[in-house]
Amino acid sequence: MLVSAFEHEVSLRWRDVDGLGHVNHAVFLTYLEEGRDAFYAQALGRDPHYVVARVEIDLRAEVRYTDRRLQVRIEVERVGTTSLTTREMILTRTGVTAAEARVVTVLWDAGARKPVAFASDERARLAAC
């Protein structure tokens, strides 16, 4: 169940644009990652390590360099023991939905190289987002 949304602004870089004059499809994943990093840092109060386990993305509208800034919106769908499922959107300044994604991330113990469970207070904070 989606509760509320976190929003984070990202800036387009000239190198994001391809030969067709619009932002290349692969760059949309970078924008989502920037928003997700900011979301995790705010929601957990720290910079957690996580890995992306699954991404589904639908590209809805062209983004051009002249758009300059985009809004990444993140909504929590499900909090698991080690995983977090989010609905993520990229919006232009005029409110056009450029992309919609569903992303599953797994909290990661970088030293042990394996998933680690969210602490109970982290789960509560994420569930409240």
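Starting from 1, each residue takes its place in the sequence as its number.
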Can you list the residues that meet the side-chain hydrogen bond (donor to acceptor under 3.5 Å, both in side chains) rule with [X], with sequence neighbours excluded?
| X | answer |
| --- | --- |
| S11 | R69 |
| R102 | E77 |
| T82 | none |
| Q42 | none |

List for me each residue that meets salt bridge (charged side-chain N to carboxylate O under 4.0 Å, His left out) alongside R15, sequence neighbours excluded, and say none if there are none.
none
In chain order, what residues pass the side chain to side chain contact (heavy atoms under 4.5 Å, CB included) check against [X], with sequence neighbours excluded?
| X | result |
| --- | --- |
| V52 | R36, Y50, V55, V103, T105 |
| A99 | F28, I57, L59, I90 |
| A112 | D109, K114 |
| T81 | A117 |

Who else is in the cluster with V96 when I, L, V, M, F, W and Y are joined by side-chain contacts under 4.5 Å?
none
Side-chain hydrophobic cluster, 4.5 Å single linkage: members besides V104:
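ILVMFWY cluster around V104 holds nothing else.
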Between D16 and R13 (salt bridge meaning N to carboxylate O under 4.0 Å), is one present in this structure?
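Yes, this pair counts.
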Shared hydrophobic cluster, V106 / V116 (ILVMFWY, side-chain heavy atoms < 4.5 Å):
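No, no single cluster joins them.
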Return each pair, listed once, that meets side-chain hydrogen bond (donor to acceptor under 3.5 Å, both in side chains) where at least one residue sits in residues 116-129; pairs must be two or more places apart or across chains.
R46-E122, D121-R125
